[in-house]
Amino acid sequence: MRFDVAIVGAGPAGLAAAVNAAESGLTVVLVDAGTQPGGQFWRHPDEAAAAAAGTTVGESDGHHDWKRFADLRARLYALEDKGAVEYWRNTQVWLIEPGTSATTLRLTPTVAHDSHAPEVVTARHIILCPGGYDRQLPIPGWDLPGVMAAGGVQALLKGNRTAAGTVAVVGGTGPFLLPVATGLATAGVKVAAICEANSPTGWLKNLRGAVQAPEKGPEGLEYAAALAKHRIPYRVRTAVTAIHGNDKVEAVTIAKLAADGSVLPGTGRRVPCDLVALGWGFTAQLELVLAAGAETAVDVDDSLIAVVDERLRSSVPGVSVAGEATGVGGAAMAVVEGELAALCVAAEAGQSSAGNATLGGRIAKLQRNRERLRAFAVAMHRANPVPARWHSWLTPETVVCRCEEVSYGSLCDAHTELGAQDARSLKSFARPGMGWCQGRVCGFATASIAADFAGCPTSADDLRSMAKRTLAAPVTLGQLAALTPAIPTPCNPDEGL
């Protein structure tokens with residue numbers, strides 16, 4: 001099947017891209033691994049089950065900007081009903097093959113789900129909206145049951161209305177800790193502490209960017225009121241430096257941090273809990289961006305992102321990228337980028353935007369809005385960096401790669417005894433990132449540790465070596481075999497004589 005534009009991901013960016021591309025007259029296919037739209041930000045309980053039970057899903061489930069999502073979802077479903085959008089749920093792209101006139105996407109159903117999508121689809125242009133996921137740092141004991149990514153804790157709350165524990169400590173850095181903690185408290189969990197590794201005064205150094213999003217002010221006040229209501233201690237320049245327990249989490253050690261992120265001696269204290277939610281910001285999901293051969297670079301938060309121009313075109317012709325993959329900036333910025341990418345594709349195809357005679361003017365307005373929100377995102381990252389000396393919290397026994405059970409001591413040995421000088425050689429010699437998650441959890445940490453060994457900033461090469469994957473999703477051997485070109489039958493020299 002062939003389309004004008006194929007959009008991968010149905011989160012904020014993908015939703016906005018799909019509806020605006022279709023409303024501009026393009027033939028559109030939207031491919032998403034989820035059962036329903038929304039992505040991680042607008043994750044919500046099963047729509048069909050809620051309707052059957054006579055319940056509703058919305059702001060009361062802890063969602064922000066739900067009205068915008070409801071509008072995008074309604075437009076998507078209307079376009080799908082009219083046949084203007086092919087929306088393939090429970091479907092993953094496992095291989096991307098850019099071509100001169102079209103790009104080929106190879107598809108596979110998600111594990112334990114059926115998909116009505118074909119195995120191969122081509123499009124004149126593709127917009128990758130893969131989103132991001134929790135960035136994690138290993139600490140002693142983080143492999144115990146009861147330790148979760150902050151995003152995972154919130155996903156349970158939003159998608160299943162389930163709290164993962166009874167007494168929680170939320171730790172890491174950045175504004176995302178606030179909705180996680182207040183969501184848990186609203187669900188009846190006692191939040192013993194929020195441990196923010198940085199100080200709110202960091203925003204004062206980035207006021208020019210911070211004031212670019214005044215709509216964030218009321219949101220901040222809302223969280224402050226919720227913290228006061230639930231009496232949640234908010235501890236700045238503090239981190240969870242160790243997690244204790246036998247078969248599950250029983251307590252954590254929290255300690256004060258110096259400006260460089262090293263632990264201040266004598267400040268550690270033990271806090272009982274059965275749930276630890278750790279969040280160090282987010283990192284872009286770049287499997288398909290790298291598979292397409294698009295250029296990447298290190299962002300201000302030390303994460304790897306796709307390099308795009310002002311029209312969100314990547315370095316590969318026919319491939320655009322929108323949302324968190326161009327730099328983590330939140331759902332509002334992702335929606336702007338999704339619409340911008342779609343309208344730019346429509347403009348290049350000679351289409352006019354439905355209900356908007358001045359497509360160029362709309363594109364210019366979106367570009368200005370994106371610039372404003374990007375300035376705020378940069379200020380946020382600079383105010384909430386990963387502590388420079390977080391490696392000093394580690395012990396030789398601390399597990400860095402949980403899939404392959406690779407310890408920090410093993411990485412140190414690979415460096416000192418085997419001469420591993422970068423993340424690629426650490427991966428080769430000690431196997432971090434070689435397990436089931438393929439470095440999605442430990443990739444950033446391993447690249448950061450490699451940079452610490454080398455005494456230099458984390459490089460794009462180190463991050464790429466931990467993020468690049470030949471296949472973006474699990475596939476069958478049959479699907480791999482189908483890629484093999486047919487071997488020509490050897491000719492018989494006696495034939496035709």
Side-chain angles (χ1 to χ4, degrees), residues 94-96 128 130-139 142-143 149 151 172 278-307 314 321 324-328 381 385-388 390-391 393-394 398-415 418-474:
W94 63 273
L95 193 64
I96 180 171
L128 298 176
Y133 56 93
D134 288 79
R135 183 168 60 185
Q136 290 293 291
L137 300 182
I139 59 176
W142 77 310
D143 51 333
L278 299 174
W280 297 95
F282 297 90
T283 193
Q285 190 155 329
L286 294 180
E287 292 94 337
L288 294 176
V289 172
L290 292 168
E295 183 180 352
T296 54
V298 179
D299 201 9
V300 293
D301 66 343
D302 290 331
S303 284
L304 194 69
I305 61 169
V307 175
S314 75
V321 186
E324 306 290 61
T326 68
V328 174
H381 293 317
V386 171
W390 70 267
H391 319 90
W393 312 345
L394 306 179
T398 303
V399 173
V400 174
C401 171
R402 296 192 291 193
C403 295
E404 293 292 299
E405 299 183 350
V406 180
S407 68
Y408 179 63
S410 296
L411 296 183
C412 293
D413 291 343
H415 171 66
L418 301 178
Q421 299 297 319
D422 53 24
R424 184 186 182 95
S425 53
L426 281 178
K427 183 176 180 178
S428 298
F429 297 158
R431 294 189 58 81
M434 300 284 276
W436 179 251
C437 87
Q438 288 290 286
R440 290 173 178 86
V441 176
C442 69
F444 176 84
T446 300
S448 178
I449 289 170
D452 182 59
F453 288 158
C456 62
T458 306
S459 71
D461 285 340
D462 279 340
L463 291 167
R464 272 192 293 268
S465 68
M466 298 302 298
K468 192 169 184 178
R469 298 166 189 103
T470 305
L471 306 179

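The shown structure was predicted, so the numbers you read here are calculated from the model rather than taken from an experiment.
- The minimum heavy-atom distance between A292 and I96, with the atom names listed, is N-CG2, 3.7 Å.
- Ring pair H415/F453 is parallel by interplanar angle, where below 30° counts as parallel and above 60° as perpendicular.
- Remark: R135 engages D301 in a salt bridge, criterion side-chain N to carboxylate O under 4.0 Å.
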For residues 437-444, please give each side-chain donor-acceptor pair under 3.5 Å, one per line with the distance, not counting sequence neighbours.
from: Q438; atom 1: NE2; to: G435; atom 2: O; distance (Å): 2.9
from: R440; atom 1: NE; to: E287; atom 2: OE2; distance (Å): 2.7
from: R440; atom 1: NH1; to: C437; atom 2: O; distance (Å): 2.8
from: R440; atom 1: NH2; to: E287; atom 2: OE2; distance (Å): 2.8

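- By the 4.5 Å heavy-atom criterion applied to side chains, L304 and T283 are not counted as neighbours.
- Of all heavy-atom pairs spanning A414 and A430, the tightest one is CB-CB, 4.2 Å.
- Atom CG of residue L290 and atom OG1 of residue T296 lie 5.5 Å apart, to the nearest 0.5 angstrom.
- Taking NE2 of H391 as the reference point, atom CG of L137 lies at 8.0 Å (rounded to 0.5 Å).
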Inset, instruction - Go through the steps to decide whether T446 and V400 satisfy the test side chain to side chain contact (heavy atoms under 4.5 Å, CB included), and finish with yes or no. - result: CA-CA 7 Å; T446 300; V400 174; 4.0 Å; yes
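- Side-chain contact check for P385 versus W280: every heavy-atom pair is 4.5 Å or farther apart.
- D299 places no side-chain N or O within 3.5 Å of a backbone atom of D302 that could act as its donor or acceptor partner.
- Residues P130 and Q285 come closest through the heavy atom pair CG-O, 3.1 Å.
- Partners of W390 by side-chain hydrogen bond (donor to acceptor under 3.5 Å, both in side chains), not counting sequence neighbours, listed by chain and number: S448.
- For D413, there are no side-chain hydrogen bond (donor to acceptor under 3.5 Å, both in side chains) partners at least two apart in sequence or on another chain.
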message: For V328 and H381: C-alpha separation, side-chain torsions, deciding distance, then whether side chain to side chain contact (heavy atoms under 4.5 Å, CB included) applies.
response: CA-CA 9 Å; V328 174; H381 293 317; 4.1 Å; yes
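- Relative to the six-membered ring of W94, R469 misses at least one condition, a distance below 6.0 Å or an angle of at most 45° to the axis.
- Sparse packing is recorded around CZ of R424, with 12 or fewer heavy atoms of other residues, nucleotides or ligands lying under 6.0 Å away.
- Between the side chains of S410 and S407, at least one donor-acceptor pair of N or O atoms lies under 3.5 Å.
- Atom-to-atom distance recorded for F282:CZ and Q136:CD is 9.5 Å, nearest 0.5 angstrom.
- In plain terms, the two heavy atoms of E324 and G131 that are nearest each other are CB-C, 3.8 Å.
- Proximity of a side-chain donor or acceptor of D134 to a complementary backbone N or O of G151 within less than 3.5 Å is detected.
- Screening L394, I449, T398 for a side-chain contact (heavy atoms from CB on, under 4.5 Å) with L411, the sole residue that qualifies is I449.
- Distance check: E405 CD to R431 CZ gives 12.0 Å after rounding to the nearest 0.5 Å.
- Residue L286 holds its CG atom at 10.0 Å from OG1 of T326, rounded to the nearest 0.5 Å.
- Here the CG-NZ distance, from D461 to K468, works out to 11.0 Å after rounding to the nearest 0.5 Å.
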*Taking it one step at a time, do S465 and D462 satisfy side chain to side chain donor-acceptor pair (under 3.5 Å)?*
CA-CA 5 Å; S465 68; D462 279 340; 4.9 Å; no
Q: Carefully, step by step, assess V298 and L463 under the rule side chain to side chain contact (heavy atoms under 4.5 Å, CB included).
A: CA-CA 8 Å; V298 179; L463 291 167; 3.9 Å; yes
